[in-house]
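I have placed the structure first, in the form of C-alpha coordinates, so that the comments after it can refer back to it.
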Amino acid sequence: MSEKAPGIYKPLAVIVAIIAIALAIWGSVTFAAVSGLIWEKGPAVWSWGAAFLSLGFGFWRVVGGIFWIVGTALFIMELAGFTIRNGRIVRQVIKWDSIDIAIAALVAAIYGGGLVATAGLIVIPGFTWIRPANMLSPVFGILFGIPGCVGLAFGNLIADALGGFLGFGSIGGFIGNFILGYIPYKLMKDPSLRSSRSVFEFYLWGVLVGSVWCSLYIAWWLDLVQAIAGLPPLFIWGWFAPFVMVNNAIVTAIVGPALAYVLYPPVKRWGLHWSDRITFIEKS
Amino acid sequence: MPYWEVLVGIGVILTLIGLALAAAKRRSGWMVTLIGMAFLVSFGIYLALLFTGIYGKVAAAGYYIPNLIGAILVIIGIGIWIKISKGKKEGVSG
(Lines give C-alpha, C1' and ligand atoms only; values in the text may rest on other atoms or scores of the structure.)
Protein backbone atom coordinates (compact mmCIF):
# COMPACT_ATOMS: atom_id res chain seq x y z
CA MET A 1 0.00 0.00 0.00
CA SER A 2 2.75 2.42 0.88
CA GLU A 3 4.46 2.51 -2.51
CA LYS A 4 6.87 5.34 -3.23
CA ALA A 5 4.81 8.44 -3.82
CA PRO A 6 5.79 11.21 -6.23
CA GLY A 7 7.77 14.03 -4.59
CA ILE A 8 4.88 16.46 -4.91
CA TYR A 9 3.09 14.76 -1.99
CA LYS A 10 5.71 15.75 0.59
CA PRO A 11 5.14 19.53 0.37
CA LEU A 12 1.40 18.94 -0.19
CA ALA A 13 1.20 16.85 3.00
CA VAL A 14 2.99 19.55 5.00
CA ILE A 15 0.83 22.35 3.58
CA VAL A 16 -2.51 20.55 4.07
CA ALA A 17 -1.53 19.40 7.59
CA ILE A 18 -0.56 22.96 8.58
CA ILE A 19 -3.79 24.38 7.11
CA ALA A 20 -5.95 21.75 8.86
CA ILE A 21 -4.26 22.13 12.25
CA ALA A 22 -4.13 25.93 12.04
CA LEU A 23 -7.81 26.21 11.05
CA ALA A 24 -8.89 23.83 13.83
CA ILE A 25 -6.82 25.64 16.48
CA TRP A 26 -7.95 29.05 15.25
CA GLY A 27 -11.60 27.95 15.33
CA SER A 28 -11.26 26.42 18.79
CA VAL A 29 -9.44 29.37 20.35
CA THR A 30 -11.78 32.00 18.91
CA PHE A 31 -14.79 29.90 19.94
CA ALA A 32 -13.53 29.40 23.50
CA ALA A 33 -13.03 33.17 23.83
CA VAL A 34 -16.71 33.97 23.14
CA SER A 35 -18.56 30.74 23.95
CA GLY A 36 -20.23 32.24 27.02
CA LEU A 37 -21.62 35.15 25.01
CA ILE A 38 -23.18 33.28 22.06
CA TRP A 39 -26.59 32.53 23.64
CA GLU A 40 -26.84 36.11 24.87
CA LYS A 41 -25.51 38.09 21.90
CA GLY A 42 -25.96 35.66 19.01
CA PRO A 43 -23.54 33.56 16.91
CA ALA A 44 -22.12 36.60 15.12
CA VAL A 45 -19.87 37.37 18.13
CA TRP A 46 -17.76 34.37 17.05
CA SER A 47 -15.67 35.25 13.97
CA TRP A 48 -16.48 31.88 12.34
CA GLY A 49 -20.18 32.36 13.06
CA ALA A 50 -20.08 35.84 11.54
CA ALA A 51 -18.26 34.51 8.46
CA PHE A 52 -20.80 31.72 8.00
CA LEU A 53 -23.76 34.03 8.46
CA SER A 54 -22.32 36.58 6.02
CA LEU A 55 -22.85 34.05 3.22
CA GLY A 56 -26.56 33.87 4.00
CA PHE A 57 -28.94 31.02 4.77
CA GLY A 58 -29.69 30.54 1.07
CA PHE A 59 -26.06 29.74 0.29
CA TRP A 60 -25.78 27.17 3.08
CA ARG A 61 -29.12 25.60 2.22
CA VAL A 62 -27.97 25.02 -1.37
CA VAL A 63 -24.44 23.82 -0.46
CA GLY A 64 -25.68 21.79 2.52
CA GLY A 65 -28.45 20.33 0.37
CA ILE A 66 -25.92 19.08 -2.18
CA PHE A 67 -23.81 17.45 0.56
CA TRP A 68 -26.97 15.98 2.12
CA ILE A 69 -28.34 14.51 -1.10
CA VAL A 70 -24.99 13.03 -2.19
CA GLY A 71 -24.28 11.74 1.34
CA THR A 72 -27.69 10.11 1.65
CA ALA A 73 -27.39 8.56 -1.82
CA LEU A 74 -23.98 7.09 -0.92
CA PHE A 75 -25.34 5.75 2.39
CA ILE A 76 -28.33 4.08 0.71
CA MET A 77 -26.11 2.72 -2.08
CA GLU A 78 -23.79 1.08 0.47
CA LEU A 79 -26.82 -0.21 2.35
CA ALA A 80 -28.03 -1.85 -0.84
CA GLY A 81 -24.66 -3.56 -1.38
CA PHE A 82 -23.24 -1.26 -4.08
CA THR A 83 -20.24 1.06 -4.02
CA ILE A 84 -18.20 3.32 -6.29
CA ARG A 85 -14.88 1.83 -7.40
CA ASN A 86 -12.62 3.28 -10.08
CA GLY A 87 -15.36 5.71 -11.05
CA ARG A 88 -17.97 3.01 -11.59
CA ILE A 89 -20.81 1.66 -9.48
CA VAL A 90 -20.03 -1.96 -8.63
CA ARG A 91 -21.52 -4.61 -6.41
CA GLN A 92 -19.63 -5.41 -3.22
CA VAL A 93 -19.85 -8.42 -0.95
CA ILE A 94 -19.34 -7.75 2.74
CA LYS A 95 -19.57 -11.04 4.61
CA TRP A 96 -21.35 -9.68 7.70
CA ASP A 97 -20.08 -12.74 9.52
CA SER A 98 -19.23 -12.85 13.23
CA ILE A 99 -16.02 -10.84 12.62
CA ASP A 100 -17.77 -7.99 10.76
CA ILE A 101 -20.52 -7.84 13.40
CA ALA A 102 -17.84 -7.84 16.14
CA ILE A 103 -15.96 -5.03 14.32
CA ALA A 104 -19.13 -2.92 14.11
CA ALA A 105 -19.84 -3.64 17.80
CA LEU A 106 -16.31 -2.77 18.97
CA VAL A 107 -16.31 0.46 16.97
CA ALA A 108 -19.77 1.38 18.32
CA ALA A 109 -18.69 0.64 21.89
CA ILE A 110 -15.35 2.47 21.75
CA TYR A 111 -16.65 5.46 19.74
CA GLY A 112 -20.00 5.75 21.56
CA GLY A 113 -18.39 5.20 24.95
CA GLY A 114 -15.61 7.66 24.15
CA LEU A 115 -18.12 10.29 23.06
CA VAL A 116 -20.36 9.94 26.09
CA ALA A 117 -17.41 9.99 28.47
CA THR A 118 -17.15 13.74 27.73
CA ALA A 119 -20.90 14.36 27.33
CA GLY A 120 -20.95 16.74 30.28
CA LEU A 121 -18.99 19.34 28.30
CA ILE A 122 -22.11 20.70 26.63
CA VAL A 123 -21.79 23.43 24.00
CA ILE A 124 -25.31 23.60 22.50
CA PRO A 125 -27.77 22.01 24.97
CA GLY A 126 -29.66 19.17 23.28
CA PHE A 127 -27.50 19.26 20.15
CA THR A 128 -23.76 18.90 20.67
CA TRP A 129 -20.89 18.80 23.12
CA ILE A 130 -17.07 18.79 23.11
CA ARG A 131 -16.20 15.43 21.53
CA PRO A 132 -12.50 14.47 21.52
CA ALA A 133 -13.48 10.89 20.55
CA ASN A 134 -14.32 12.25 17.08
CA MET A 135 -10.65 11.64 16.28
CA LEU A 136 -11.51 7.92 16.09
CA SER A 137 -13.97 8.28 13.20
CA PRO A 138 -11.60 8.58 10.19
CA VAL A 139 -9.24 6.07 11.82
CA PHE A 140 -11.97 3.42 12.19
CA GLY A 141 -13.23 4.28 8.69
CA ILE A 142 -9.88 3.67 6.98
CA LEU A 143 -9.19 0.55 9.07
CA PHE A 144 -12.53 -1.26 9.00
CA GLY A 145 -14.45 0.17 6.02
CA ILE A 146 -18.25 -0.22 6.01
CA PRO A 147 -18.52 -2.27 9.26
CA GLY A 148 -16.46 0.48 10.91
CA CYS A 149 -18.67 3.23 9.44
CA VAL A 150 -21.84 1.45 10.63
CA GLY A 151 -20.20 1.15 14.06
CA LEU A 152 -19.48 4.91 14.07
CA ALA A 153 -23.11 5.69 13.23
CA PHE A 154 -24.31 3.28 15.92
CA GLY A 155 -21.83 4.69 18.44
CA ASN A 156 -23.03 8.25 17.83
CA LEU A 157 -26.63 7.16 18.41
CA ILE A 158 -25.68 5.40 21.67
CA ALA A 159 -23.82 8.55 22.78
CA ASP A 160 -26.87 10.68 21.95
CA ALA A 161 -29.08 8.38 24.05
CA LEU A 162 -26.69 8.16 27.00
CA GLY A 163 -25.80 11.85 26.90
CA GLY A 164 -29.39 13.10 26.77
CA PHE A 165 -29.20 14.34 23.18
CA LEU A 166 -31.47 11.75 21.50
CA GLY A 167 -33.97 13.46 19.24
CA PHE A 168 -34.96 14.09 15.66
CA GLY A 169 -31.50 15.50 14.96
CA SER A 170 -30.02 12.08 15.83
CA ILE A 171 -31.20 10.74 12.47
CA GLY A 172 -28.95 13.27 10.71
CA GLY A 173 -26.19 12.54 13.23
CA PHE A 174 -26.43 8.83 12.42
CA ILE A 175 -25.65 9.28 8.73
CA GLY A 176 -23.37 12.28 9.38
CA ASN A 177 -21.07 10.13 11.53
CA PHE A 178 -21.23 7.32 8.97
CA ILE A 179 -19.96 9.85 6.41
CA LEU A 180 -17.19 11.00 8.78
CA GLY A 181 -15.62 7.55 8.47
CA TYR A 182 -16.82 6.82 4.93
CA ILE A 183 -15.11 9.76 3.17
CA PRO A 184 -11.52 8.83 4.17
CA TYR A 185 -12.32 5.11 3.73
CA LYS A 186 -13.40 5.60 0.12
CA LEU A 187 -11.06 8.39 -0.94
CA MET A 188 -7.72 7.51 0.68
CA LYS A 189 -5.68 5.41 -1.74
CA ASP A 190 -3.05 4.63 0.89
CA PRO A 191 -4.40 4.15 4.44
CA SER A 192 -1.03 3.14 5.95
CA LEU A 193 0.01 6.66 7.07
CA ARG A 194 3.52 5.58 6.07
CA SER A 195 3.99 7.82 3.04
CA SER A 196 3.63 11.54 2.45
CA ARG A 197 0.76 10.78 0.05
CA SER A 198 -1.06 8.89 2.83
CA VAL A 199 -0.57 11.77 5.30
CA PHE A 200 -1.76 14.26 2.67
CA GLU A 201 -4.86 12.15 1.98
CA PHE A 202 -5.63 11.75 5.68
CA TYR A 203 -5.60 15.51 6.28
CA LEU A 204 -7.48 16.29 3.07
CA TRP A 205 -10.23 13.64 3.25
CA GLY A 206 -10.26 12.57 6.90
CA VAL A 207 -9.83 15.96 8.55
CA LEU A 208 -10.96 18.70 6.15
CA VAL A 209 -13.54 17.20 3.78
CA GLY A 210 -14.93 14.66 6.30
CA SER A 211 -15.44 17.32 8.99
CA VAL A 212 -17.08 19.78 6.58
CA TRP A 213 -19.31 17.12 5.01
CA CYS A 214 -20.47 15.72 8.37
CA SER A 215 -21.15 19.20 9.73
CA LEU A 216 -23.11 20.42 6.69
CA TYR A 217 -25.01 17.12 6.48
CA ILE A 218 -26.31 17.36 10.06
CA ALA A 219 -26.84 21.14 9.89
CA TRP A 220 -28.93 20.86 6.72
CA TRP A 221 -31.01 18.10 8.33
CA LEU A 222 -31.55 20.23 11.46
CA ASP A 223 -32.58 23.13 9.22
CA LEU A 224 -35.01 20.89 7.33
CA VAL A 225 -36.66 19.63 10.54
CA GLN A 226 -36.23 22.83 12.55
CA ALA A 227 -39.94 22.92 13.42
CA ILE A 228 -39.46 19.60 15.23
CA ALA A 229 -35.80 19.79 16.31
CA GLY A 230 -36.19 23.34 17.60
CA LEU A 231 -32.87 25.01 16.74
CA PRO A 232 -33.38 28.27 14.77
CA PRO A 233 -31.48 28.72 11.45
CA LEU A 234 -29.39 31.55 12.96
CA PHE A 235 -27.89 29.09 15.44
CA ILE A 236 -27.77 26.14 13.00
CA TRP A 237 -25.67 27.98 10.40
CA GLY A 238 -23.93 30.51 12.65
CA TRP A 239 -23.04 28.22 15.54
CA PHE A 240 -23.81 24.51 15.10
CA ALA A 241 -22.29 24.07 11.61
CA PRO A 242 -18.96 25.88 12.20
CA PHE A 243 -18.62 24.45 15.71
CA VAL A 244 -19.14 20.84 14.52
CA MET A 245 -16.46 21.40 11.83
CA VAL A 246 -13.97 22.64 14.41
CA ASN A 247 -15.01 20.00 16.96
CA ASN A 248 -14.51 17.21 14.42
CA ALA A 249 -11.23 18.58 13.08
CA ILE A 250 -9.28 19.72 16.14
CA VAL A 251 -8.39 16.39 17.79
CA THR A 252 -8.50 14.46 14.51
CA ALA A 253 -5.87 16.78 13.01
CA ILE A 254 -3.55 16.54 16.01
CA VAL A 255 -3.92 12.91 17.19
CA GLY A 256 -5.62 11.07 14.28
CA PRO A 257 -2.57 10.43 12.04
CA ALA A 258 -0.47 9.05 14.93
CA LEU A 259 -3.35 6.77 15.97
CA ALA A 260 -3.84 5.45 12.43
CA TYR A 261 -0.06 4.99 12.08
CA VAL A 262 0.05 2.81 15.21
CA LEU A 263 -3.13 0.80 14.55
CA TYR A 264 -2.73 0.07 10.82
CA PRO A 265 0.02 -2.64 11.03
CA PRO A 266 -1.68 -4.94 13.60
CA VAL A 267 -5.10 -4.56 11.96
CA LYS A 268 -3.57 -5.42 8.57
CA ARG A 269 -1.52 -8.30 10.02
CA TRP A 270 -4.57 -9.87 11.69
CA GLY A 271 -6.57 -9.72 8.48
CA LEU A 272 -9.11 -7.30 9.96
CA HIS A 273 -8.43 -4.49 7.47
CA TRP A 274 -11.38 -3.84 5.13
CA SER A 275 -9.27 -4.60 2.03
CA ASP A 276 -8.83 -8.18 3.27
CA ARG A 277 -12.51 -8.72 4.04
CA ILE A 278 -14.44 -7.26 1.12
CA THR A 279 -15.02 -8.56 -2.40
CA PHE A 280 -15.90 -6.34 -5.34
CA ILE A 281 -17.84 -7.82 -8.25
CA GLU A 282 -16.77 -5.89 -11.33
CA LYS A 283 -18.32 -6.81 -14.67
CA SER A 284 -15.81 -6.64 -17.50
CA MET B 1 -37.50 13.58 23.41
CA PRO B 2 -40.20 14.74 20.99
CA TYR B 3 -41.53 12.48 18.21
CA TRP B 4 -39.95 9.37 19.75
CA GLU B 5 -42.40 7.31 17.68
CA VAL B 6 -40.39 8.27 14.58
CA LEU B 7 -37.15 6.83 15.95
CA VAL B 8 -38.90 3.65 17.13
CA GLY B 9 -40.74 3.41 13.80
CA ILE B 10 -37.46 3.71 11.87
CA GLY B 11 -35.91 1.05 14.09
CA VAL B 12 -38.81 -1.40 13.68
CA ILE B 13 -39.14 -0.86 9.90
CA LEU B 14 -35.38 -1.20 9.24
CA THR B 15 -35.11 -4.29 11.45
CA LEU B 16 -38.03 -5.99 9.68
CA ILE B 17 -36.72 -5.06 6.20
CA GLY B 18 -33.24 -6.23 7.21
CA LEU B 19 -34.51 -9.56 8.53
CA ALA B 20 -36.58 -10.07 5.37
CA LEU B 21 -33.51 -9.34 3.19
CA ALA B 22 -31.36 -11.64 5.32
CA ALA B 23 -33.98 -14.39 5.01
CA ALA B 24 -33.81 -13.90 1.24
CA LYS B 25 -30.02 -14.52 1.50
CA ARG B 26 -29.17 -10.90 0.74
CA ARG B 27 -25.99 -10.11 2.69
CA SER B 28 -26.85 -6.42 3.03
CA GLY B 29 -29.84 -7.60 5.08
CA TRP B 30 -27.64 -7.97 8.17
CA MET B 31 -26.34 -4.43 7.78
CA VAL B 32 -29.91 -3.07 7.56
CA THR B 33 -30.90 -5.19 10.57
CA LEU B 34 -27.93 -3.84 12.51
CA ILE B 35 -28.94 -0.26 11.73
CA GLY B 36 -32.55 -0.94 12.73
CA MET B 37 -31.35 -2.51 15.96
CA ALA B 38 -29.17 0.54 16.59
CA PHE B 39 -32.25 2.77 16.69
CA LEU B 40 -34.13 0.33 18.96
CA VAL B 41 -31.18 -0.11 21.36
CA SER B 42 -30.73 3.67 21.55
CA PHE B 43 -34.40 4.10 22.35
CA GLY B 44 -34.06 1.36 24.99
CA ILE B 45 -31.17 3.30 26.58
CA TYR B 46 -33.28 6.46 26.48
CA LEU B 47 -36.21 4.71 28.21
CA ALA B 48 -33.95 3.13 30.84
CA LEU B 49 -32.35 6.49 31.68
CA LEU B 50 -35.74 8.22 31.63
CA PHE B 51 -37.28 5.78 34.13
CA THR B 52 -34.26 5.99 36.43
CA GLY B 53 -34.53 9.78 36.30
CA ILE B 54 -31.05 10.51 34.95
CA TYR B 55 -31.79 11.16 31.26
CA GLY B 56 -30.19 14.45 30.20
CA LYS B 57 -28.40 14.95 33.52
CA VAL B 58 -24.91 14.02 32.37
CA ALA B 59 -22.24 15.31 34.74
CA ALA B 60 -24.80 17.68 36.26
CA ALA B 61 -25.32 17.59 40.03
CA GLY B 62 -23.21 14.50 40.46
CA TYR B 63 -24.92 12.37 37.81
CA TYR B 64 -21.86 10.74 36.34
CA ILE B 65 -23.56 7.38 35.66
CA PRO B 66 -23.91 7.90 31.85
CA ASN B 67 -20.25 8.99 31.66
CA LEU B 68 -19.31 5.89 33.66
CA ILE B 69 -21.37 3.71 31.28
CA GLY B 70 -19.42 5.35 28.44
CA ALA B 71 -16.10 4.44 30.04
CA ILE B 72 -17.33 0.85 30.56
CA LEU B 73 -18.38 0.70 26.89
CA VAL B 74 -14.88 1.74 25.82
CA ILE B 75 -13.41 -1.08 27.94
CA ILE B 76 -15.93 -3.58 26.45
CA GLY B 77 -15.01 -2.40 22.93
CA ILE B 78 -11.30 -2.83 23.57
CA GLY B 79 -12.07 -6.28 25.02
CA ILE B 80 -13.92 -7.29 21.82
CA TRP B 81 -10.98 -5.99 19.77
CA ILE B 82 -8.47 -8.05 21.77
CA LYS B 83 -10.71 -11.13 21.50
CA ILE B 84 -11.15 -11.00 17.72
CA SER B 85 -7.50 -10.14 17.13
CA LYS B 86 -6.46 -13.14 19.29
CA GLY B 87 -8.88 -15.33 17.32
CA LYS B 88 -7.32 -14.09 14.08
CA LYS B 89 -3.78 -14.68 15.37
CA GLU B 90 -4.74 -18.26 16.25
CA GLY B 91 -6.11 -18.75 12.74
CA VAL B 92 -9.81 -18.85 13.58
CA SER B 93 -11.72 -17.55 10.57
CA GLY B 94 -14.96 -15.62 10.91
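As the structure is a prediction and not an experimental result, all values here were calculated from the model. Chain naming here is simple, since letters A, B, ... match the order of the sequence lines and numbering starts at 1 in each.
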When you look at A/W270 and B/I84, which way does the side-chain contact (heavy atoms from CB on, under 4.5 Å) test go after all the steps? CA-CA 9 Å; A/W270 297 331; B/I84 60 171; over 6 Å; no

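- In this structure, A/D100 contributes its side chain and A/P147 its backbone to no donor-acceptor pair below 3.5 Å.
- Contact annotation for A/V267: only side-chain heavy atoms (C-beta onward) come within less than 4.5 Å of a heavy atom of chain B.
- Residues of residues 14-22 of chain B never come within less than 4.5 angstrom of chain A, heavy atom to heavy atom.
- Looking only at heavy-atom pairs under 4.5 Å with chain B, the residue among A/I146, A/I110, A/V116, A/I158 that has the most is A/I110.
- The CD1 atom of A/I142 lies 11.5 Å from the OG atom of A/S275; values are rounded to the nearest 0.5 Å.
- No option in A/F174, A/F67, A/W68 other than A/W68 meets the ring-ring contact (aromatic ring centres under 6.0 Å, His included) test with A/Y217.
- Contact annotation for B/I54: neither backbone nor side-chain heavy atoms come within less than 4.5 Å of a heavy atom of chain A.
- Taking the side chain to side chain donor-acceptor pair (under 3.5 Å) definition, one finds that A/S170 meets it with A/D160, sequence neighbours left out.
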Determine, stepwise, if the pair A/L231 / A/W239 fulfils side-chain contact (heavy atoms from CB on, under 4.5 Å). CA-CA 10 Å; A/L231 195 64; A/W239 189 4; over 6 Å; no

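- Taking CG of A/L263 as the reference point, atom CZ of A/F140 lies at 7.0 Å (rounded to 0.5 Å).
- Contacts with chain B (heavy atom to heavy atom, under 4.5 Å) involve these residues of residues 148-157 of chain A, listed by number: A/V150, A/F154, A/L157.
- Atom-to-atom distance recorded for A/I84:CD1 and A/K186:NZ is 7.5 Å, nearest 0.5 angstrom.
- Within the 4.5 angstrom heavy-atom criterion, only side-chain atoms of A/F144, from C-beta onward, approach chain B.
- Heavy atoms closer than 4.5 Å to chain B are found nowhere in A/A159, neither backbone nor side chain.
- Neither the backbone nor the side chain of A/L115 comes within less than 4.5 Å of any heavy atom in chain B.
- Ranked by heavy-atom pairs under 4.5 Å with chain B, the first of A/L162, A/I171, A/I94 is A/L162.
- Remark: A/D223 CG to A/F240 CZ distance equals 11.5 Å, nearest 0.5 Å.
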Determine, stepwise, if the pair B/V12 / B/L40 fulfils side-chain contact (heavy atoms from CB on, under 4.5 Å). CA-CA 7 Å; B/V12 170; B/L40 295 179; 4.0 Å; yes

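- If you tally non-hydrogen atom pairs under 4.5 Å between each of B/A48, B/S42, B/S28, B/G79 and chain A, the highest count goes to B/S42.
- For B/L49, the part lying under 4.5 angstrom from a heavy atom of chain A is the side chain only.
- Evaluated for a side-chain contact (heavy atoms from CB on, under 4.5 Å) with A/L74, the options A/F82, A/Y182, A/F178 yield exactly one hit, A/Y182.
- Of all residues spanning residues 68-76 of chain B, those with a heavy atom less than 4.5 Å away from chain A's heavy atoms are B/I69, B/G70, B/A71, B/L73, B/V74, arranged by number.
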